[in-house]
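Heavy atoms only: backbone and side chains are in, while hydrogens, waters and symmetry mates are out.
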Amino acid sequence: MAGVLRAERVWVETFPGLRVDQFGRLLKAVRERGGEGCGWGRPWRLPLAERVLLVAVYYRTNLTMRQLAPLFGISPATVCRVIQRLGPMLALEPARACADATDRLWIVDGTLVPVRDRKVGASSRNYRFSANVQVIVDAETRLVVATARPVPGNTADAKAWRDSGLAAHCEGVTVLGDGADINTGLIVPRRKRPGRSLLKGEEEDNAQHRKVRARVEHTFSRMKNYKILRDCRQRGDGLHHAVQAVARMHNLTLAA
């Protein structure tokens, strides 16, 4: 059975939303991480480029295995194996604070991702069974710096941040949080004290804080163009791998 989708310009730009050169960089990273395989056993039916395209299409469209199978001319079981094998290899490499870290401004926030796995998610404030994913974004470039492992969606952002281990990536960098991140070491908005309203300067500081933090919401909006983050059917580490891969592809789309 011949498939329809191939690693060609028209399909790469239509489905994953990447330019050919951006897809080439993604393919190179997967190859360097051992995506070609171990060199023994039954060979894959699809070449590596088409397997990477399959994973990218899956994350972008959130089609089922049965829907993807005829598009690539393989069985649903093979689709599942390709996603499980290559999904982790598309992962984002967390950035480290560089020499000019004091001049950088990062933003951290959590987003809720609806999930099916009851061991990963919990009933959340979006009235769905969701997981909370903490993400750090560079305020200037809008690139994703790092993402944390998902936690149940009813976890407070402050606790999710403390347990995420992302603070290790932020040494020497100014990081903005929101009003829920009190006592976490993040820069948060000024809060009203009982019986006293904020001063004019404090209101202006909060307005500027909100203006900058809006950039992380814009990043979440762009990342959720990949529909896997609107309803993740993956179990176990599947959501973690999906978020990491989507973050990498998001960064590639912003690259020059």
Notebook entry, point to check: Does the pair Leu143 and Val137 meet the rule for a side-chain contact (heavy atoms from CB on, under 4.5 Å), with working shown?
Noted result: CA-CA 6 Å; Leu143 297 177; Val137 176; over 6 Å; no
Would you find a donor on one side and an acceptor on the other, under 3.5 Å apart, between the side chain of [X] and the backbone of [Y]?
| X | Y | result |
| --- | --- | --- |
| Thr61 | Val57 | yes |
| Arg248 | Leu26 | no |
| Asn251 | Val144 | yes |
| Gln22 | Leu252 | yes |

Check: Could you go step by step and tell me if Leu63 and Tyr58 meet the side-chain contact (heavy atoms from CB on, under 4.5 Å) rule?
Finding: CA-CA 6 Å; Leu63 294 173; Tyr58 172 65; 5.6 Å; no
Next item on the list: List for me each residue that meets side-chain hydrogen bond (donor to acceptor under 3.5 Å, both in side chains) alongside Arg230, sequence neighbours excluded, and say none if there are none.
Entry: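 By the side-chain hydrogen bond (donor to acceptor under 3.5 Å, both in side chains) rule, Arg230 matches no residue at all.
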Notebook entry, point to check: Taking only residues two or more places apart in sequence or in another chain, which ones pass side-chain hydrogen bond (donor to acceptor under 3.5 Å, both in side chains) with Tyr59?
Noted result: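 Once residues adjacent in sequence are excluded, Tyr59 has no partner under the side-chain hydrogen bond (donor to acceptor under 3.5 Å, both in side chains) criterion.
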Roughly how far, to the nearest 0.5 Å, is [atom2] of [Y] from [atom1] of [X]?
| X | Y | atom1 | atom2 | value |
| --- | --- | --- | --- | --- |
| Thr141 | Leu105 | OG1 | CG | 10.5 Å |
| Leu54 | Leu71 | CG | CG | 9.0 Å |
| Lys28 | Glu32 | NZ | CD | 5.5 Å |
| Ile83 | Leu68 | CD1 | CG | 6.0 Å |
| Ser75 | Arg45 | OG | CZ | 9.0 Å |
| Arg118 | Arg235 | CZ | CZ | 9.5 Å |

Salt bridge (Lys or Arg N to Asp or Glu O under 4.0 Å) against [X], all qualifying residues, sequence neighbours excluded:
| X | answer |
| --- | --- |
| Arg116 | Asp231 |
| Glu8 | none |
| Arg33 | Glu93 |
| Lys159 | Asp163 |

With sequence neighbours excluded, residues passing side chain to side chain contact (heavy atoms under 4.5 Å, CB included) with [X]:
| X | result |
| --- | --- |
| Thr14 | Val10 |
| Ala56 | Pro16, Met249 |
| Ser130 | Leu112, Pro114, Ser124, Asn126, Arg128 |
| Gln208 | Lys211, Val212 |

Notebook entry, point to check: Taking the six-membered ring of Tyr226 as reference, does the NZ or CZ atom of Arg60 fall below 6.0 Å from its centre and within a 45° cone about the axis?
Noted result: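 Checked: cation-pi criterion met.
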So [Y] and [X], do their side chains get closer than 4.5 Å, heavy atoms only?
| X | Y | result |
| --- | --- | --- |
| Val108 | Leu176 | no |
| Val246 | Ile228 | yes |
| Val145 | Val173 | no |
| Thr174 | Trp106 | no |
| Val79 | Arg66 | no |
| Gln234 | Leu239 | no |
| Val151 | Val120 | no |
| Val82 | Val55 | yes |

Shortest non-hydrogen contact from [X] to [Y]?
| X | Y | value |
| --- | --- | --- |
| Met223 | Leu229 | O-CD1, 3.8 Å |
| Ala158 | Thr184 | CB-CG2, 4.0 Å |
| Val113 | Val133 | CG2-CG2, 4.2 Å |
| Val12 | Arg19 | CG1-O, 4.2 Å |
| Trp161 | Cys170 | CH2-SG, 3.9 Å |
| Met89 | Arg85 | CE-CZ, 3.6 Å |

Next item on the list: List the steps and the verdict of side-chain contact (heavy atoms from CB on, under 4.5 Å) for Phe23 and Glu13.
Entry: CA-CA 9 Å; Phe23 181 77; Glu13 294 183 351; over 6 Å; no
Check: When you check the gap from the basic side-chain N to the acidic O, do Glu50 and Arg6 get nearer than 4.0 Å?
Finding: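 Salt bridge flag = yes for Arg6 with Glu50.
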Note to self: What I want to find out is whether Lys119 reaches Asp117 closely enough, with some N-O distance under 4.0 Å, to be called a salt bridge.
What the structure shows: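 So Lys119 does not pair with Asp117 through a salt bridge.
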Check: Is there any salt bridge (charged side-chain N to carboxylate O under 4.0 Å, His left out) pair reaching into residues 136-157, and which pairs are they, with sequence neighbours excluded?
Finding: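 Listed by first then second residue: Arg104-Asp138, Arg104-Glu140, Arg149-Asp237.
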Which pairs of donor and acceptor atoms, one on a side chain in residues 215-222, lie under 3.5 Å apart (sequence neighbours left out)?
{"residue": "Arg215", "atom": "NH1", "partner": "Ala139", "partner atom": "O", "Å": "2.9"}
{"residue": "Thr219", "atom": "OG1", "partner": "Arg215", "partner atom": "O", "Å": "3.1"}

Margin query: Go through it in stages, so that I can follow the logic: the residues are Leu53 and Phe72, the test is side-chain contact (heavy atoms from CB on, under 4.5 Å), and I'd like the CA-CA distance, side-chain angles, deciding distance and then a yes or no.
Written below: CA-CA 10 Å; Leu53 177 63; Phe72 287 88; 4.1 Å; yes
Item checked: Any side-chain donor near an acceptor of the partner, Ser164 and Gln134, under 3.5 Å ->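 Ser164 vs Gln134: no donor-acceptor pair found between side chains.
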Next item on the list: Verify the cluster assignment for Phe129 and Tyr127: are they in a single hydrophobic cluster under the rule of side-chain heavy atoms below 4.5 Å apart?
Entry: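 Each belongs to a different hydrophobic cluster.
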